[in-house]
Chemist: 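Encoded as structure tokens, here's the structure I'll be asking about.
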Amino acid sequence: MNSKPLVSIICTAYNLEKYIAEAIEGFLMQKTDFEYEILIGEDCSRDSTRSIIEKYIERHPGLIKMVTSTHNVGHIRNHNRLIEKARGKYLAICDGDDYWTSAHKLQKQVDFLEHHSDYIICCHYSKVIDEKDNLLYVDSKPAPLTYGYSDILRWNKRETRTSTLLIRNTDDFRSLTRQNWFLNCHSNDTIFKLFATYQSGKKIYVMPEVMSIYRIHRGGIWSLANSQFKKKKMRKDFGIVLENFKYSSSQKRGLLHLYLRRYLYHDLKSGSLHQVYSTFKKLVLTFSKTGFAAAIFQEVMF
């Protein structure tokens, strides 16, 4: 593969010896009329993940490349270094414990973005399974979905899991890896979508087809974390969004709704009154006193 690939597949892997081969097989089975590259970020696993990847590299020289270091860098930095090395016009993302089920996934997504310049990301539906391959969830009636910046700002992003993402690899999007605040995020896939729609003004399209698997397992960073841990990390990401993105008055109302429904009780319970004050100050700054009172009443009552 001497020519520049159209798609760069980026995959993070850490202690995934049970699953990484299935992810790689999903990459290799893609039937496309363009070239693609496979970049795997191996983050100093303590199991046989690295040796499995190396065997695939031996069988497919030039197609699969491993990006690693002498020490563990963490999930966000692992993703960032893959994005920085990607040469493709598009980035296809899939963590090493998930996998693709359709050999035509990449071709369909690329075809869509090539013909729809007003979209920055193309996703699709996925199945959710447990570590014993039991089906936990799938939408039996997939329908096309479209999201914009305002939707993602309110965490409205159904069926846009990481394993479904195909993103335009633009200079604006890659600048995300140079934002210091991004290193402190937990839900990096949500921030990907938020930053991409924010910077480009373009939308996300969800194809009405099931073409990947999202796996919940005990080794997952997020999937089996307890609810308190998740809430704490999501609240932190919410604060990062408030500090680093711009939003209109109507979008502030959406964020206020999200805060009241999802995070206010968490802040009060944890005694974080300064966070409550700071959040309200930021979200109601453009409201009059009457408008603020009406917004609070509407959000709490409805």
Side-chain angles (χ1 to χ4, degrees), residues 4-12 27 32 34-41 65 67 73-95 98 100 105-124 145-157 159-207 212 237-238 240-247 251:
K4 185 176 180 180
L6 186 66
V7 174
S8 295
I9 299 171
I10 61 176
C11 173
T12 56
F27 306 152
T32 66
F34 53 80
E35 289 189 357
Y36 60 88
E37 64 177 353
I38 301 170
L39 303 177
I40 303 177
K65 297 178 182 178
V67 179
V73 299
H75 188 67
I76 299 290
R77 286 182 171 83
N78 197 7
H79 252 300
N80 282 356
R81 63 187 180 184
L82 293 175
I83 293 173
E84 290 166 1
K85 290 185 177 296
R87 299 181 296 144
K89 179 180 178 180
Y90 300 104
L91 302 177
I93 302 176
C94 184
D95 290 337
D98 302 326
W100 298 342
K105 167 196 154 69
L106 284 186
Q107 186 69 59
K108 289 180 178 180
Q109 290 183 288
V110 166
D111 288 346
F112 177 85
L113 289 180
E114 287 284 279
H115 292 91
H116 296 84
S117 59
D118 52 335
Y119 287 84
I120 186 73
I121 296 173
C122 181
C123 299
H124 53 75
L145 300 171
T146 298
Y147 301 112
Y149 172 62
S150 293
D151 299 306
I152 308 301
L153 201 59
R154 295 185 62 169
W155 257 240
N156 180 16
K157 53 187 180 64
E159 299 295 348
T160 62
R161 294 182 178 89
T162 306
S163 61
T164 76
L165 295 179
L166 185 76
I167 305 175
R168 295 186 190 275
N169 188 17
T170 65
D171 291 337
D172 282 343
F173 175 73
R174 286 197 305 278
S175 70
L176 176 61
T177 64
R178 298 187 291 275
Q179 308 297 322
N180 290 331
W181 54 263
F182 181 56
L183 297 176
N184 296 317
C185 293
H186 185 80
S187 182
N188 62 310
D189 67 310
T190 297
I191 302 301
F192 282 164
K193 289 169 272 194
L194 192 61
F195 192 80
T197 53
Y198 170 67
Q199 289 284 60
S200 68
K202 297 182 179 182
K203 299 173 289 185
I204 297 172
Y205 178 70
V206 181
M207 306 183 98
S212 69
D237 283 356
F238 182 77
I240 289 173
V241 169
L242 291 185
E243 290 295 328
N244 295 283
F245 289 84
K246 294 180 180 179
Y247 26 86
Q251 290 167 339

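Keep in mind the model is a prediction, meaning the values are calculated, not measured. Count residues from 1 along the sequence.
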Chemist: To the nearest 0.5 Å, how far apart are OG1 in T190 and CG in L194?
Modeler: 8.5 Å
Chemist: Please list, chain by chain and in numerical order, all residues satisfying salt bridge (charged side-chain N to carboxylate O under 4.0 Å, His left out) with R77, sequence neighbours excluded.
Modeler: none
Chemist: Can you list the residues that meet the side-chain contact (heavy atoms from CB on, under 4.5 Å) rule with N188, with sequence neighbours excluded?
Modeler: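 Per chain and number, N188 pairs via side-chain contact (heavy atoms from CB on, under 4.5 Å) with H75, I76, H79, F182, F192.
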Chemist: Would you check if the side chain of R168 reaches a backbone N or O of I121 as a donor-acceptor pair within less than 3.5 Å?
Modeler: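 The answer is no, because no donor-acceptor pair under 3.5 Å joins these two groups.
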Chemist: Sequence neighbours excluded, which residues qualify as side-chain contact (heavy atoms from CB on, under 4.5 Å) partners of K108?
Modeler: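 Partners of K108 under the side-chain contact (heavy atoms from CB on, under 4.5 Å) test: H104, M207, E209, M211.
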Chemist: Got T170 and R174 here, is their nearest side-chain heavy-atom distance under 4.5 Å?
Modeler: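 Of all side-chain heavy-atom pairs linking R174 with T170, none is under 4.5 Å.
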Chemist: So, using side-chain contact (heavy atoms from CB on, under 4.5 Å) as the criterion, who are the partners of S117 when residues are at least two apart?
Modeler: none
Chemist: Got a donor-acceptor contact below 3.5 angstrom from the W100 side chain to the S163 backbone?
Modeler: yes
Chemist: In terms of side-chain geometry, is the basic nitrogen of K203 or D118 positioned less than 4.0 Å from the acidic oxygen of its partner?
Modeler: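 Result for this pair is yes, salt bridge flagged.
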Chemist: Do C123 and E159 have side chains that get closer than 4.5 Å, going by heavy atoms?
Modeler: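 No, their side chains stay 4.5 Å or more apart.
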Chemist: For A86, is there any backbone N or O sitting under 3.5 Å from a side-chain donor or acceptor partner on S8?
Modeler: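 Such a contact is absent between S8 side chain and A86 backbone.
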Chemist: Between D237 (side chain) and H186 (backbone), is there a donor-acceptor pair under 3.5 Å?
Modeler: yes
Chemist: Do V241 and L153 touch side chain to side chain, with heavy atoms closer than 4.5 Å?
Modeler: yes
Chemist: Using a 3.5 Å distance criterion without hydrogens, assess whether the side chain of N78 forms a donor-acceptor pair with backbone atoms of G41.
Modeler: yes
Chemist: Nearest 0.5 Å, what's the OG1-OH distance between T197 and Y147?
Modeler: 12.5 Å
Chemist: For C94, is there any backbone N or O sitting under 3.5 Å from a side-chain donor or acceptor partner on D98?
Modeler: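 Checking the backbone N and O of C94 against the side chain of D98, no donor-acceptor pair under 3.5 Å is found.
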Chemist: Which word best sums up how the rings of Y149 and Y198 line up, parallel for under 30°, tilted for 30 to 60°, or perpendicular for over 60°?
Modeler: tilted
Chemist: Is the shortest distance from a Lys or Arg side-chain nitrogen in R87 or E37 to a carboxylate oxygen in the other one below 4.0 Å?
Modeler: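 Yes.
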Chemist: Once side-chain contact (heavy atoms from CB on, under 4.5 Å) is applied, do any residues pair with E114, and if so which ones, sequence neighbours excluded?
Modeler: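 For E114, the residues satisfying side-chain contact (heavy atoms from CB on, under 4.5 Å) (neighbours in sequence not counted) are K89, Y90, V110.
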Chemist: In Å, rounded to the nearest 0.5 Å, how long is the span from CD1 of I120 to CZ of F195?
Modeler: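 I120 CD1 to F195 CZ: 10.5 Å, rounded to 0.5 Å.
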Chemist: Before you tell me yes or no, could you show the steps for T12 and D95 under side chain to side chain donor-acceptor pair (under 3.5 Å), namely the whole-Å CA-CA distance, both residues' side-chain angles and the distance that decides it to 0.1 Å?
Modeler: CA-CA 5 Å; T12 56; D95 290 337; 3.0 Å; yes
Chemist: Taking the side chain as every heavy atom from C-beta outward, state whether D189 and I191 have any pair of such atoms under 4.5 Å apart.
Modeler: no
Chemist: Just how far is it from atom CZ of F173 to atom CD1 of I83, taken to the nearest 0.5 Å?
Modeler: 4.5 Å
Chemist: Under a 3.5 Å distance rule, please check whether Q109 uses its side chain to pair with a backbone N or O of T164 as donor and acceptor.
Modeler: yes
Chemist: Side-chain contact, heavy-atom cut-off 4.5 Å: Y205 with L113?
Modeler: no
Chemist: Check the pair Q107, K105 against side chain to side chain contact (heavy atoms under 4.5 Å, CB included), reporting the backbone distance first and the verdict last.
Modeler: CA-CA 6 Å; Q107 186 69 59; K105 167 196 154 69; over 6 Å; no
Chemist: Do T32 and V7 touch side chain to side chain, with heavy atoms closer than 4.5 Å?
Modeler: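 T32 vs V7: side chains apart.
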Chemist: Going by side chain to side chain donor-acceptor pair (under 3.5 Å), name the residues that satisfy it together with T177, two or more places apart in sequence or in a different chain.
Modeler: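 Testing T177 for side chain to side chain donor-acceptor pair (under 3.5 Å), a comparison that skips the adjacent residues, returns none.
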Chemist: Give, for atom CD1 of I204 and atom CG of D151, the distance between the pair rounded to the nearest 0.5 Å.
Modeler: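 If we round to the nearest 0.5 Å, I204:CD1 and D151:CG are 8.5 Å apart.
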Chemist: Between K193 and T160, is a side chain to side chain contact (heavy atoms under 4.5 Å, CB included) present by the stated rule, with each step listed?
Modeler: CA-CA 9 Å; K193 289 169 272 194; T160 62; 2.8 Å; yes
Chemist: SG/C185 to CD1/I240 distance, rounded to the nearest 0.5 angstrom?
Modeler: 4.0 Å
Chemist: If we only count heavy atoms from C-beta on, is the F27 to C11 side-chain gap below 4.5 Å?
Modeler: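 A side-chain contact exists here, since the closest heavy-atom pair is under 4.5 Å.
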Chemist: Answer whether the closest heavy-atom distance between the side chains of L183 and N80 falls below 4.5 Å.
Modeler: yes
Chemist: Judged by atom type as modelled, is there a donor-acceptor pair below 3.5 Å linking the side chain of Y247 to the main-chain atoms of L242?
Modeler: yes
